[in-house]
**Q** 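If you scroll down you'll find the structure; I have some questions about it.
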Amino acid sequence: MNDRDSMKPGDLLLPVKSFCRLSGQIIAPLSFEIHAFSVKFAYSLTRSAYMEQNINFEDIFESKLAKNDFIEPKDWMPDNYRKHLIRQISQHAHSEIVGMLPEGNWITRAPSLRSKIVLLAKVQDEGGHGLYLYTAAETLGVSRDELLDALHTGKAKYSSIFNYPTLTWADVGAIGWLVDGAAIMNQVMLQRSSYGPYSRAMVRICKEESFHQRQGYEIMTHLAFGTPEQKQMAQDALNRWWYPTMMMFGPPDKDSPNSENAIKWRIKRETNDQLRQRFVNQTVPQAEYLGLTVPDEKLTWNEAKQGYDFSEPDWVEFKNVINGNGPCNKQRLKARNDAHKNGAWVREAAAAYAKKKGESTAVAA
Amino acid sequence: MSNALFQYTLRLGDSSLILAQRLSEWTGHGPFLEEDLALTNIALDTLGTAKSFLEYAAQVEGKGRTDDDLAFFRNEREFFNPLITEQPNGDYAKTMVRQVIMDVYHLYLYKELAKSKDTTLSGIAQKAIKEVTYHVRHSASWLERFGNGTDESHQRAQDALNELWQYTQELFETPGSEKELLAQGVAVNLQDIQAKWETHVDELIRKANLKKPENVFMQRGSLDGIHTEHLGYLLAEMQHLPRMHPTAKW
Ligand SMILES: [Fe+2]
Ligand SMILES: [Fe+2]
């Protein structure tokens with residue numbers, strides 16, 4: 001834990017205040033409370049205030065990074081940083097929402113009342129994660145409408161993993177164990193990302209993801225120690241989800257165009273390959289405990305590096321899945337589009353009613 | 001323990017179970033994200049209540065069956081949920097009208113059941129009242145929005161009312177087997193509830209500027225385990241996995 005993790009909401013204004021002291025002036029609008037809806041306004045205001053005073057805001061940004069301070073919505077930030085964040089946070093939000101579908105596929109077929117309750121709550125959590133993340137993205141000056149539009153038209157990307165089908169109940173276990181497990185690796189790192197709202201969203205999300213992983217592993221345990229058919233189901237799920245999960249950390253470092261900046265800006269803190277290695281190291285003993293075989297003949301413990309040597313996933317397949325050719329890309333996108341289209345009259349009715357009532361709070365699109 | 005109490009508790013459990021199963025079909029497909037989360041919450045509450053009733057039913061029966069056995073290993077003719085709970089979701093108006101009808105019903109049912117001489121039933125009801133009070137607020141506010149929103153939403157809500165009204169009378173039927181439980185102060189007098197339900201639902205329909213369906217021929221059958229064709233498919237989907245692996249634990 002670094003000391004920023006213990007900051008309270010009121011502390012968020014600190015970096016701004018210290019900047020104001022630097023400039024020798026108090027810039028009143030900067031003490032606005034951070035709020036998703038005022039951000040666009042605050043952003044432009046801040047920027048012009050900085051400009052007038054002819055301050056080298058790039059230095060201030062860099063010094064905040066160097067000091068491990070958060071970058072907050074109203075702080076000046078380089079355009080590329082903003083763009084990178086919007087892309088990363090919205091992709092992350094889309095992944096949560098699309099991720100509701102493969103597991104949602106088993107809600108009506110969960111094999112016990114308890115497992116149905118757990119799964120419903122899990123899929124609901126993922127929707128909640130999507131909501132936090134869309135809100136975090138909105139602090140960067142984009143609207144949820146714009147982001148959803150990019151998802152629905154296929155312009156925006158989301159995690160490739162959710163384009164694989166959930167064929168048996170064991171897939172629900174494998175997703176919790178492996179996919180949520182991999183997500184945690186990424187997200188624990190992102191709790192310390194330099195952008196305040198993203199970091200704080202990740203803190204909330206991470207707590208729930210560890211529940212998900214435990215619940216997934218519990219399903220795998222029941223299966224792996226259950227009837228021969230159940231064990232077979234568990235092995236089959238591991239076989240199908242292992243490599244797609246490895247792909248979740250992104251392409252190898254040597255081919256990862258966005259990684260360098262992301263590390264420099266502390267949006268990411270570990271490289272794709274480092275995370276992948278940690279995931280393998282953590283997961284192999286868990287598979288062994290279940291008596292399941294990781295589908296990789298090259299998998300061996302490497303004493304020198306204190307980690308496993310393992311086979312890379314098929315990066316050609318990865319590229320294809322990312323580019324829309326995975327087994328379920330079309331179904332997932334269609335499901336999201338159908339829900340949005342079928343909900344249009346509901347949103348319109350709510351908006352029309354709110355208008356008639358003179359309510360100020362409109363329903364989100 | 002008495003067979004009447006088993007039957008009574010089973011019916012309470014079935015009603016919530018089948019309704020929750022339908023509601024859960026919306027998860028991931030709601031009209032917008034916040035509403036998706038809200039409806040999933042309602043599905044979760046309803047499923048939790050179902051589980052409590054079915055656990056108790058299994059205990060009352062005393063034959064070593066579990067709540068899961070009751071949910072997954074009974075056939076269509078052995079389910080006693082009201083017909084309205086098994087009706088397909090349709091559009092969001094139909095789902096919300098079904099919810100208005102069932103939420104208000106559950107509200108008054110549980111308020112009475114909370115006074116039951118059977119402490120397990122009253123305990124389950126007391127917990128459920130808090131949840132159902134929120135459910136009523138949720139579905140009633142949608143009915144009001146639909147009825148007064150756009151022409152399209154008004155029409156959809158009216159169509160849903162017209163379609164579902166035929167299943168409302170059945171909610172208040174009392175089987176002969178319940179007479180004894182009523183006398184013992186265990187079961188709830190559904191006639192009393194019907195009056196409260198009607199007043200409340202009439203008021204919601206009026207606020208929504210909709211028309212209460214009239215001269216509707218009422219469907220019945222669930223008290224005898226006679227259902228609409230929809231239940232068979234719902235159960236086939238819900239039960240297939242445990243039935244394929246009858247000795248498995250999950
Ligand atoms: Fe998540
Ligand atoms: Fe998760």
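Nothing here was measured: the structure is a model prediction, and the numbers come from that model. Within every chain, numbering begins at 1; the chains are lettered A, B, ... in the order of the sequence lines, protein sequences first and strands thereafter.
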**Q** With a distance cut-off below 6.0 Å to the six-membered ring centre and an angular limit of 45° from the axis, does Arg137(B) pair with Tyr134(B) as a cation-pi contact?
**A** no
**Q** When only pairs under 4.5 Å are counted, which of Gly104(A), Gly343(A), Ala352(A), Ala349(A) shares the most heavy-atom pairs with chain B?
**A** Ala349(A)
**Q** Please state whether the side chain, the backbone, both or neither of His240(B) comes within less than 4.5 Å of a heavy atom of chain A.
**A** side chain
**Q** With only heavy atoms counted, which part of Phe225(A) is less than 4.5 Å from chain B, the side chain, the backbone, both or neither?
**A** neither
**Q** So what's closer than 4.5 Å to chain B heavy atoms on Lys116(A): side chain, backbone, both or neither?
**A** both
**Q** Please report the interatomic distance CG(Leu83(B)) to OG(Ser222(B)), rounded to the nearest 0.5 Å.
**A** 5.0 Å
**Q** Is it the side chain or the backbone of Glu35(B) that comes within 4.5 Å of chain A heavy atoms, both, or neither?
**A** neither
**Q** Closer than 4.0 angstrom, basic N to acidic O: yes or no for Glu208(A) and Arg204(A)?
**A** no
**Q** Measuring heavy-atom distances to chain A, does Ala20(B) have an atom under 4.5 Å in its side chain, in its backbone, in both, or in neither?
**A** neither
**Q** Could you check whether Lys122(A) pairs with Glu126(A) (Lys NZ or Arg NE/NH1/NH2 to Asp/Glu carboxylate O, under 4.0 Å)?
**A** yes
**Q** Ala335(A), Ala121(A), Gly99(A), Gly173(A): which one forms the most heavy-atom pairs within less than 4.5 Å of chain B?
**A** Ala121(A)
**Q** Any side-chain heavy-atom pair from Val97(B) and Lys94(B) closer than 4.5 angstrom?
**A** no
**Q** Would you compute the distance between atom CD of Glu25(B) and atom CD of Glu237(B) and round it to the nearest 0.5 angstrom?
**A** 6.0 Å
**Q** Using non-hydrogen atoms and a 4.5 Å limit, figure out which bit of Ala248(B) sits close to chain A: side chain, backbone, both or neither.
**A** both
**Q** In plain terms, say whether Asp202(B) and Arg206(B) are close enough for a salt bridge, that is, a side-chain N and a carboxylate O under 4.0 Å apart.
**A** no
**Q** Would you mind checking which part of Leu234(B) comes under 4.5 Å of any heavy atom in chain A, side chain (CB onward), backbone (N, CA, C, O), both or neither?
**A** neither
**Q** Where does Thr227(A) contact chain B at under 4.5 Å (heavy atoms): side chain, backbone, both or neither?
**A** side chain
**Q** What part of Met233(A) gets closer than 4.5 Å to chain B, counting heavy atoms only: side chain, backbone, both or neither?
**A** side chain
**Q** Report which part of Gln230(A) has an atom under 4.5 Å of a heavy atom belonging to chain B: side chain, backbone, both, or neither.
**A** side chain
**Q** Check whether Arg114(A) gets within reach of chain B through its side chain, its backbone, both or neither, counting any heavy atom under 4.5 Å.
**A** both
**Q** State whether Phe146(B) and Arg156(B) meet the cation-pi test: NZ (Lys) or CZ (Arg) under 6.0 Å from the six-membered ring centroid, and within 45° of the perpendicular axis.
**A** no
**Q** Please report the C-alpha distance between Tyr158(A) and Ile97(A) in whole Å, then the side-chain angles of each, then the deciding distance to 0.1 Å, and finally whether the side-chain contact (heavy atoms from CB on, under 4.5 Å) criterion is met.
**A** CA-CA 9 Å; Tyr158(A) 54 85; Ile97(A) 300 308; over 6 Å; no
**Q** Given a strict heavy-atom distance threshold of 4.5 Å, which part of Leu101(A) is in contact with chain B: side chain, backbone, both, or neither?
**A** side chain
**Q** Heavy atoms only, distances under 4.5 angstrom: which of Asp91(B), Asn41(B), Asp36(B), Thr247(B) has the most pairs with chain A? Name it, please.
**A** Asn41(B)
**Q** Would you say the ring centroid of Trp26(B) lies under 6.0 angstrom from that of Tyr92(B)?
**A** yes
**Q** For Ala110(A), which atoms come within 4.5 Å of any heavy atom of chain B: side chain, backbone, both, or neither?
**A** backbone
